[in-house]
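Written out below as structure tokens is the structure these notes cover.
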Amino acid sequence: MKNFNRIVTRELSVVFRSQSEFVYPLAFFIMVTSMFPLAVTPEPAQLAFIAPGVIWVAALLSLLLSLNAFYQSDFQDGSLEQMLLAGVSGSLIILAKAFANWIVTGLPLVLIAPIIGVLLNLELQANMIAMLALLIGTPSLCLIGAIGINLTVGLRNGGVLLTLLVLPLFIPILIFGASAVEAASIGKNYSGQLAILAAILILSLMLAPFAAAAAMKISID
Amino acid sequence: MKNFNRIVTRELSVVFRSQSEFVYPLAFFIMVTSMFPLAVTPEPAQLAFIAPGVIWVAALLSLLLSLNAFYQSDFQDGSLEQMLLAGVSGSLIILAKAFANWIVTGLPLVLIAPIIGVLLNLELQANMIAMLALLIGTPSLCLIGAIGINLTVGLRNGGVLLTLLVLPLFIPILIFGASAVEAASIGKNYSGQLAILAAILILSLMLAPFAAAAAMKISID
Amino acid sequence: MELISSEFNSDNLIEITNLTVIRSDFPVFSPVNFSLGAGQAMQIRGTNGAGKTTLLRAICGLCHSLEGEISWNDEVITPAHQNFYQSLLYIGHALGLKPKLTIEQNLSFFQQLRFELDSQLIQEAMQAFGIAELYDEYVAKLSAGQKRRVSLCRIITEPVPLWILDEPLVALDVDGQQWMLDICNQHLERGGILLITSHQPINGIHNLRELTLS
Amino acid sequence: MELISSEFNSDNLIEITNLTVIRSDFPVFSPVNFSLGAGQAMQIRGTNGAGKTTLLRAICGLCHSLEGEISWNDEVITPAHQNFYQSLLYIGHALGLKPKLTIEQNLSFFQQLRFELDSQLIQEAMQAFGIAELYDEYVAKLSAGQKRRVSLCRIITEPVPLWILDEPLVALDVDGQQWMLDICNQHLERGGILLITSHQPINGIHNLRELTLS
Amino acid sequence: MGYFDSFNDFIHMGGHGFYVWLCYAIVFIGMVSQFVLAKLSAKKNIKLLSQYYRRAAARKKSQANNDS
Amino acid sequence: MWNWFFQLASPKWFYTIARKVTPWLSVLMYSLMLAGLVLGLIFSPADYQQGNTVRIMYIHIPAAYMSMMIYVIMAVAGAIGLVWRMKMAHIVSVSCASIGAMFTALALLTGAIWGKPTWGTYWVWDARLTSELILLFLYLGFMALHSAYDDKKAADKASAVLALVGVVNIPIIHFSVEWWNTLHQGATLSKLEKPSMDTSMLWPLLIMIVAFKLYFVVTLFHKIRGEILLREKQASWVKKLVADSKQ
Ligand code: HEM
Ligand SMILES: Nc1ncnc2c1ncn2[C@@H]1O[C@H](COP(=O)(O)OP(=O)(O)OP(=O)(O)O)[C@@H](O)[C@H]1O
Ligand SMILES: Nc1ncnc2c1ncn2[C@@H]1O[C@H](COP(=O)(O)OP(=O)(O)OP(=O)(O)O)[C@@H](O)[C@H]1O
Ligand SMILES: [Mg+2]
Ligand SMILES: [Mg+2]
């Protein structure tokens with residue numbers, strides 16, 4: 001637990017060293033969501049209709065994009081192997097890094113989502129649910145993403161291969177997340193979807209660190 | 001011109017060394033486009049309505065993602081500076097790399113787009129125009145992307161900063177590309193949009209290599 | 001200057017039996033046997049590509065597909081053996097430093113993974129390697145030799161018995177090399193164990209044994 | 001072994017006047033003046049962080065914010081001067097090799113940027129550095145010293161008069177270092193110019209001048 | 001014969017011939033090509049290996065020459 | 001008791017056994033395939049609703065079953081390889097991938113073509129169809145990952161981890177028709193209940209299912225043998241085999 005804190009602190013201080021860095025994933029999120037009114041339609045009713053899906057797709061892509069920055073340099077400069085050699089268990093390292101990743105990338109998304117919702121004409125109730133769904137869903141994305149990035153980090157063009165491996169695993173979260181918001185926006189019951197998101201989170205908290213740690217050791221060789 | 005060919009050949013042989021690599025950007029494109037029916041709506045009429053926008057957003061993101069793999073390692077292992085020291089002009093290097101990038105990433109997108117169009121319920125005429133628009137638009141994306149990546153390649157989390165710099169520049173292409181397809185799908189005239197796309201291509205062919213080369217020299221320092 | 005204050009257990013013993021590593025179906029070097037006890041040092045020698053780095057990484061458990069046995073204090077090491085990792089420091093070609101953190105932040109992070117934070121010791125270590133004034137400089141801005149010095153500071157800030165150093169003298173200037181070797185000597189006197197490779201001559205380490213890979 | 005067949009122009013001359021590089025508002029080293037003509041060699045010396053790498057990169061035009069003047073054959077060099085780049089080879093800490101290409105592919109790519117492809121010469125170069133059997137091995141799989149050897153092959157495959165080598169002896173084994181220095185000597189005899197740094201002693205280069213940075 | 005009255009009927013499949021036969025054709029092509037590739041792989045690998053052994057032997061020889 | 005398990009782990013043993021068994025299995029496969037085709041295409045009746053398009057069922061359902069079964073086999077073999085460090089298990093796992101990907105593609109294509117006359121569209125984004133598409137991506141990811149590594153051992157382990165993680169998709173595919181109300185048919189074959197199908201349609205279907213399984217086993221054995229040769233190239237028995245085959 002002590003080491004968990006230390007790794008998280010270190011990650012955060014690396015990120016916050018150039019203070020503007022934590023706004024990038026956010027900016028990406030805002031940019032992608034605002035591309036849709038331009039590319040599809042600026043009409044309010046239509047926008048509100050596609051909004052849940054767009055918010056979730058954008059969140060998913062922006063988390064995906066942040067993974068590389070969080071893991072790759074640690075592999076290349078040898079600091080991951082040094083942590084392992086200091087006796088820190090692989091799954092703890094993953095857990096700590098995924099947590100830091102979520103703090104830097106996932107949490108800001110959750111906080112900014114309501115504003116995007118307003119811009120896309122989503123109504124209040126649906127907007128709050130979107131935020132809640134993102135709050136439960138994004139940590140799973142960070143954890144599952146950790147598996148993918150650890151499998152591909154040693155490879156050239158790993159970035160795109162990463163996508164190929166990880167997006168299929170993200171899709172259930174996407175479906176339930178988006179459908180929770182959709183249900184809320186037409187006044188239906190959405191608790192089922194949220195419960196499934198929570199179940200996915202628990203499952204990935206239990207399993208993903210081990211899978212990712214195994215992948216990490218393979219990549220280090 | 002000789003050196004152009006050499007750099008292109010080298011890039012391609014690096015990429016094709018593991019033969020499956022050129023399918024990754026494609027896979028990303030397919031994956032993102034197929035996320036929308038899941039996240040937004042599976043209904044055919046609605047799908048056809050959002051299809052042009054979705055195809056363009058996905059193309060744009062998949063080109064964006066490929067940039068890092070194409071430029072970063074060349075910076076880090078010092079081979080870019082070696083090319084410069086061999087007297088190859090910066091803009092030629094950029095031109096060659098952007099061309100290779102398009103061959104590997106852009107061209108497959110153009111070829112697969114019609115199939116995606118069918119899945120998203122786009123009709124034949126619109127589908128062909130989508131393909132044509134992508135054919136004219138994607139090279140500009142590669143060229144403009146080269147400027148962004150060369151500005152940001154030395155920085156940690158550069159990936160996301162890149163996005164921030166480049167997406168606004170991509171947006172005109174996005175708007176005209178998507179609206180050409182939209183126009184075609186409702187039977188309107190679309191030649192104006194295509195002409196603008198062509199103009200953007202010519203402009204970026206003339207200017208982007210120089211801007212990107214300047215950015216490259218700044219990043220190498 | 002007296003730097004290392006802890007005495008190590010004099011029973012410490014690393015034993016390597018018939019160790020080799022398979023790469024693309026061939027063993028990289030012919031099987032290796034040796035054992036090192038407290039206060040002993042060994043230099044691994046061999047031409048470029050002989051397999052020195054591979055051997056050291058295999059001992060650290062960073063290589064798959066190895067054959068043979070490594071044991072530490074009579075316990076066979078399976079890939080993740082806590083006791084062994086508690087007593088081991090490996091510094092290889094990749095230094096493991098974060099360019100975006102300062103020298104001090106880098107060193108204290110690694111120290112805290114295994115020991116309590118001891119700013120005093122970190123200070124002394126930086127002094128010993130002549131980079132004390134740079135303590136709040138970001139590692140990104142250092143020269144090759146300065147980065148190497150930072151990574152070597154860890155042999156002082158993390159007092160463990162077994163040092164595995166892959167070409168530690170690379171990029172160091174003449175003074176730096178001398179300091180480095182002095183510190184190794186002190187380590188050996190205190191009952192430490194040293195496994196080292198270098199293409200530069202290593203002068204003045206007492207009782208340095210040699211093993212040539214083929 | 002006679003490796004380098006071309007004689008260089010005996011008028012070649014590089015002149016450095018009052019050169020210094022500003023980093024974070026301070027000059028890294030005090031201004032430097034020297035000139036090297038055909039057949040002359042100079043070693044840049046200095047402690048870690050003295051600014052050797054910075055100086056060499058500045059001469060190659062890879063540094064901004066430099067003050068002073070560099071001229072090649074009496075022409076002042078502005079950042080992108082074709083004549084100068086045609087006659088220059090710089091090999092620094094980063095080797096510029098693509099891990100996903102074979103040794104041969106890497107070498108022939110660089111050769112073709114400035115010269116015609118000459119497989120014979122590439123073959124000879126690999127032989128000279130003892131990596132001839134590895135020619136179709138991917139660079140990713142090579143050891144540190146083998147990679148260094150590959151990058152050094154370029155001094156043979158690209159026959160240019162001015163060599164700027166930043167710590168070329170790092171990671172080379174004893175044989176490799178000897179071969180390297182022999183080739184440097186041949187280069188000087190043919191009217192080449194050599195600018196080199198190293199923390200290891202450089203033995204046997206004739207008339208090696210020294211410049212110590214401070 | 002069977003369910004159908006004539007061969008023409010069989011091909012026509014009550015207007016759905018196109019779909020049915022397309023499906024069967026795709027499955028046939030897919031499975032047969034996979035099968036042939038698999039069957040050839042052992043043979044192809046034997047050829048590959050005999051080349052490999054020759055090269056390995058040559059390399060060993062040249063190394064032995066270097067040492068002596 | 002564990003003897004057979006360790007024997008299985010020996011590539012040489014597996015190679016010889018596979019070589020002996022495959023001809024017999026092939027004969028069985030060919031005859032079942034032929035019987036199934038004749039029964040399905042010629043003798044079975046048309047459906048009262050779907051007409052003759054129902055004949056697509058005899059290949060769609062077996063292909064869809066295989067796509068899922070092979071993924072599970074691939075993942076289990078990968079897990080065995082990871083835990084017991086067994087060479088043979090990785091070989092099985094890797095050899096499964098391309099066959100499984102092919103069956104997944106076939107299930108998708110035949111399903112899509114079947115959809116046109118029955119549902120009026122080639123493709124809808126319902127849960128089962130989508131999850132089957134994801135399965136295809138998982139297979140492709142597995143193969144891409146395996147080929148992206150230079151080192152075979154690392155490639156084996158990495159792709160085994162991926163296969164294990166992806167296994168969560170299999171129950172989603174299977175239960176999708178129950179969890180979401182969709183266009184796609186519910187379960188027609190179930191071990192517990194009496195099948196709702198007429199025997200004249202059930203028999204060809206069952207025969208085709210078995211024939212597809214045999215096809216899988218035979219193809220897998222061929223692939224495994226090729227793979228074993230490549231990986232055991234240092235073993236003396238392979239050297240001998242190669243030398244013998246040249247004469
Ligand atoms: C692209 C379209 C389609 C795909 C991807 C698809 C996929 C699948 C899959 C994966 C299964 C196995 C399910 C399991 O074992 O749990 C299956 C079974 C089945 N499919 Fe499809 N299918 C498609 C279209 C169709 C169509 C158009 C029909 C008929 C109208 C159909 C009829 C059936 C039937 C009857 C079964 C057996 C049901 C069972 O036992 O679960 N499918 N399909
Ligand atoms: N980008 C930078 N910004 C600020 N200072 C820098 C930067 N790069 C290097 N320096 C500083 O410039 C000095 C000279 O560095 P340089 O790499 O030239 O040293 P060097 O003589 O090559 O040392 P070594 O022997 O260790 O290779 C160092 O003190 C370093 O801290
Ligand atoms: N991943 C790999 N796959 C296959 N072969 C490899 C791999 N890594 C290293 N090798 C080979 O193993 C041999 C030993 O490499 P190693 O790095 O251990 O050498 P070394 O003794 O440290 O050499 P140096 O003195 O140059 O540092 C080399 O011939 C190299 O080509
Ligand atoms: Mg080494
Ligand atoms: Mg230097």
Side-chain angles (χ1 to χ4, degrees), chain A residues 53 75 90-91 94 140 143-176 178-179 182-183 192-193 195-196 199-204 206-221, chain F residues 67 71 75 78-79 81-83 85 90 97 101 104 108 125-176 179-182:
Chain A
F75 269 92
S91 46
I94 296 290
S140 321
L143 285 163
I144 296 174
I147 304 177
I149 186 78
N150 278 289
L151 281 172
T152 56
V153 71
L155 314 167
R156 185 188 145 116
N157 219 338
V160 200
L161 179 56
L162 167 73
T163 317
L164 182 63
L165 301 185
V166 161
L167 278 190
L169 301 174
F170 279 3
I171 282 181
I173 301 173
L174 173 79
I175 292 178
F176 291 111
S179 90
E182 227 172 276
Q193 285 93 329
I196 294 180
I200 294 178
L201 175 57
I202 292 169
L203 205 71
S204 44
M206 288 189 324
L207 300 182
F210 297 100
M216 180 167 90
K217 277 172 201 152
I218 296 163
S219 290
I220 278 183
D221 181 34
Chain F
S67 70
Y71 194 92
L82 278 182
V83 175
R85 295 159 192 276
H90 283 305
T104 313
L108 280 167
W125 289 94
D126 95 344
R128 170 161 283 177
L129 273 58
T130 308
S131 48
E132 183 78 359
L133 187 65
I134 293 175
L135 184 65
L136 180 65
F137 289 146
L138 287 175
Y139 274 119
L140 293 181
F142 181 98
M143 295 195 292
L145 187 67
H146 195 271
S147 69
Y149 276 89
D150 286 327
D151 185 44
K152 268 258 160 79
K153 278 193 179 120
D156 286 343
K157 289 183 193 164
S159 39
V161 170
L162 180 69
L164 276 176
V165 172
V167 130
V168 292
N169 191 39
I170 298 296
I172 294 182
I173 302 179
H174 186 70
F175 293 112
S176 55
W179 292 345
W180 294 275
N181 46 349
T182 65

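Note that the structure is a prediction, hence the values are computed from the model and not measured.
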To the nearest 0.5 Å, what is the distance between [atom1] ([X]) and [atom2] ([Y])?
{"X": "A:Ile171", "Y": "F:Phe137", "atom1": "CD1", "atom2": "CZ", "answer": "7.0 Å"}
{"X": "A:Leu164", "Y": "F:Met143", "atom1": "CG", "atom2": "CE", "answer": "10.0 Å"}
{"X": "F:Tyr149", "Y": "A:Ile218", "atom1": "OH", "atom2": "CD1", "answer": "6.0 Å"}
{"X": "A:Thr152", "Y": "F:Leu162", "atom1": "OG1", "atom2": "CG", "answer": "10.0 Å"}

Of the non-hydrogen atoms in F:Ala158 and A:Leu151, which two are nearest, and what is the gap between them?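 Scanning both residues completely, I find the closest heavy atoms to be O-CD2, 3.4 Å.
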Any idea which heavy atoms bring F:Gly166 and A:Leu169 closest together, and the distance?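 Result for this residue pair: CA-CD2, 4.2 Å.
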Walk me through it: do A:Leu155 and F:Leu145 pass the test side-chain contact (heavy atoms from CB on, under 4.5 Å)? CA-CA 9 Å; A:Leu155 314 167; F:Leu145 187 67; 4.2 Å; yes
When you look at CZ of A:Phe210, are more than 12 heavy atoms from neighbouring residues, nucleotides or ligands closer to it than 6.0 Å?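 For A:Phe210, atom CZ is not crowded (no more than 12 foreign heavy atoms under 6.0 Å).
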Using a cut-off of under 4.5 Å for heavy-atom pairs, which of F:Asp151, F:Val161, F:Leu133, F:Leu140 has the most such pairs with chain A?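 Among F:Asp151, F:Val161, F:Leu133, F:Leu140, the one with the most close pairs to chain A is F:Val161.
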Using heavy-atom distances under 4.5 Å, tell me whether F:Val165 contacts chain A through its side chain, its backbone, both, or neither.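 F:Val165 touches chain A through backbone and side-chain heavy atoms alike.
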For A:Ile147, which atoms come within 4.5 Å of any heavy atom of chain F: side chain, backbone, both, or neither?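 For A:Ile147, the contact with chain F is made by the side chain alone.
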